[in-house]
Chemist: 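My structure is below; once you've seen it, I'll send some questions.
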Number of protein chains: 2
Amino acid sequence: MATRARRPERREEPLSRERIVGAAIELLDTAGERGLTFRALAERLATGPGALYWHIAGKGELLDAATDAVVVGALTAGPADAAPREATRALALGVFDAVEAHPWVGAQFARAPWRSPMLRVFERLGRQVRAIGVPEAAQFTAVSALLNYILGVAGQNAANARAHQERRPDTGRAQFLGAVSASWAELDPDAYAFTRNVAEQLRDHDDREEFLAGIDFILTGIAVRHGPSETAPS
Amino acid sequence: MATRARRPERREEPLSRERIVGAAIELLDTAGERGLTFRALAERLATGPGALYWHIAGKGELLDAATDAVVVGALTAGPADAAPREATRALALGVFDAVEAHPWVGAQFARAPWRSPMLRVFERLGRQVRAIGVPEAAQFTAVSALLNYILGVAGQNAANARAHQERRPDTGRAQFLGAVSASWAELDPDAYAFTRNVAEQLRDHDDREEFLAGIDFILTGIAVRHGPSETAPS
DNA sequence: GACATCCCTGGAACGCCGTTCCAGTCTGGT
DNA sequence: ACCAGACTGGAACGGCGTTCCAGGGATGTC
């Protein structure tokens, strides 16, 4: 009688939204964005494609849920007692690192605007901008600038990852940048004088440092325009 | 004899790479990114899908060529005798306006990194940054910051355009933003205090002004860090 | 114990996509 | 008159997201 005290379930583990999203993340990380298909996902979960639709509405919702899981993880860190500017840098770096670990997240940001993952980042950036002292009427503008920059970098990271993962799995980031840098050096000297000139800087740059430098440019611009007094504290 | 002096061609107009790219741009503008298929394109050109492949390698090259055509058009303008900072703003605005007229361009930027269209923008930005007086070693960083911000805005514009064109063709940008703004106002007051607070600013903001404000933040940041003398050189 | 019910499964099938294949046509050169 | 090669366009292939639906397993009711 009663229920047979937690039978070993119908299979090892029943299908669930969490399990599906988890498998989707693994698939995205290992096989890239093109590797996530309902058929591959079903095979990995030892079921058929149709079963997945009982738990997830469609591919859009699946990508959304996967992105949200990654973003939530990236935003949990943070000491929170740092100075606003430092906290903003840490926050941005957290998103950057998450995108570098899961490049497909960068592409997803550009696909679904104002969904839950982006809202989380927006909110966190907003609190820092408010802490910095930006007047209320200018807060949306300041946060938008930061967010759009972060999204731009994320999107490019995703694109680069695709370029040297799906096309040539054997080449790494260094070879990829080296190849692009070499092609820049052979551009027309008149039409692409500047680009030729910075070909070496492309090859040798550090993504993280460049990203942070951009964040600092924007934060400085915000401080000059809206800061309490730039150098002297109030 | 001789050749019958320019016969009226085999059809009204023979297939050509230019005609295909032109038709692709029309299709992208009117039907959105999802509307561009080789079958629809072939039908519009009164031919079969196979014929297109004689002139264009595949969909990637087609999108690249279409993007390039739009970007080239956007970069031809410009007085060139303006002050560097003003010229940079005009250049960025040119790209912004092109993306607003052809939202799919923004998505394409995030899909193919370091292809011809992006290189053109990169080169033009670089020349302005050089004219501003940024030292050579920091030019790549400065241009990257500007470019990534522009790409971020472009990608979001593309995503927003998709959201209120393919999902609800009857609603315009205002209704779309209004709906998002309304949903923000109903978020959890604790978890989304900031977002709730700027819901109105989202509804009422001007995309162009916000974009320019971001460009100005970055340009100010660059000037403070690398400007000719701002406060005092090293 | 028999039975109806509902949640959940998973394989088959639909329509559309990018791409390839190829028999055929048209054109200019000899 | 003939040929070689540029070019066409319809058919077909494999794969995708999604839908459909016959069924299986646990549960509640008599």
Chemist: Under the rule for side-chain hydrogen bond (donor to acceptor under 3.5 Å, both in side chains), what residues qualify as partners of Q139(B), not counting sequence neighbours?
Modeler: none

Chemist: For E200(B), check salt bridge (Lys or Arg N to Asp or Glu O under 4.0 Å) against everything at least two apart and list the hits.
Modeler: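 With sequence neighbours excluded, E200(B) shows a salt bridge (Lys or Arg N to Asp or Glu O under 4.0 Å) to no residue whatsoever.
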
Chemist: Between atom CD in E43(B) and atom P in dC17(C), what is the gap in whole Å?
Modeler: 11 Å

Chemist: Using whole Å, what does the distance between atom P of nucleotide dT8(D) and atom CG of L41(B) come to?
Modeler: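 My rounded result for the distance is 13 Å.
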
Chemist: Mind checking what makes salt bridge (Lys or Arg N to Asp or Glu O under 4.0 Å) contact with R173(A), not counting sequence neighbours?
Modeler: D207(A)

Chemist: Excluding sequence neighbours, so at least two apart, what forms side-chain contact (heavy atoms from CB on, under 4.5 Å) with Q201(B)?
Modeler: E136(A), F140(A), V198(B)

Chemist: Take the protein atom CZ of R34(A) and the nucleotide atom P of dC16(D), then report the distance between them rounded to whole Å.
Modeler: 8 Å

Chemist: Calculate the interatomic distance between R44(A) atom CZ and dG10(C) atom P; express it in whole Å.
Modeler: 17 Å

Chemist: Distance-only check: which donor-acceptor pairs under 3.5 Å involve side-chain atoms of residues 90-110 of chain A, not counting sequence neighbours?
Modeler:
{"from": "D97(A)", "atom 1": "OD1", "to": "R208(A)", "atom 2": "NH1", "distance (Å)": "2.5"}
{"from": "D97(A)", "atom 1": "OD2", "to": "R208(A)", "atom 2": "NH1", "distance (Å)": "2.6"}
{"from": "H102(A)", "atom 1": "ND1", "to": "D29(A)", "atom 2": "OD1", "distance (Å)": "2.8"}
{"from": "H102(A)", "atom 1": "ND1", "to": "D29(A)", "atom 2": "OD2", "distance (Å)": "2.9"}
{"from": "W104(A)", "atom 1": "NE1", "to": "D29(A)", "atom 2": "OD1", "distance (Å)": "2.7"}
{"from": "Q108(A)", "atom 1": "OE1", "to": "R111(A)", "atom 2": "NH1", "distance (Å)": "3.3"}
{"from": "Q108(A)", "atom 1": "NE2", "to": "D64(A)", "atom 2": "OD1", "distance (Å)": "3.4"}

Chemist: Within the structure, does a side-chain N or O atom of H55(A) lie under 4.0 Å from either OP1 or OP2 of dT9(C)?
Modeler: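 Result: yes.
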
Chemist: Rounded to the nearest 0.5 Å, what separation is found between the CD1 atom of I150(A) and the CG atom of N157(A)?
Modeler: 12.5 Å

Chemist: Output the rounded distance in Å from CG (L45(B)) to C1' (dG9(D)).
Modeler: 12 Å

Chemist: Measure from CD1 on I56(A) to P on dC8(C) and round the result to the nearest Å.
Modeler: 14 Å

Chemist: At less than 4.0 Å, is any side-chain N or O atom of W54(A) found next to OP1 or OP2 of dC8(C)? Yes or no.
Modeler: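 Indeed, a polar side-chain atom of W54(A) lies that close.
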
Chemist: For L15(B) and dT8(D), give me the distance from atom CG to atom C1', rounded to whole Å.
Modeler: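 In whole Å, dT8(D) C1' and L15(B) CG are 8 Å from each other.
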
Chemist: For dT9(C), does OP1 or OP2 lie under 4.0 Å from any side-chain N or O of T47(A)?
Modeler: no

Chemist: Can you build the contact string for nucleotides 18-23 of chain C? Use B for base contact, S for sugar-phosphate-only contact, and - for no protein heavy atom under 4.0 Å.
Modeler: BBBB--

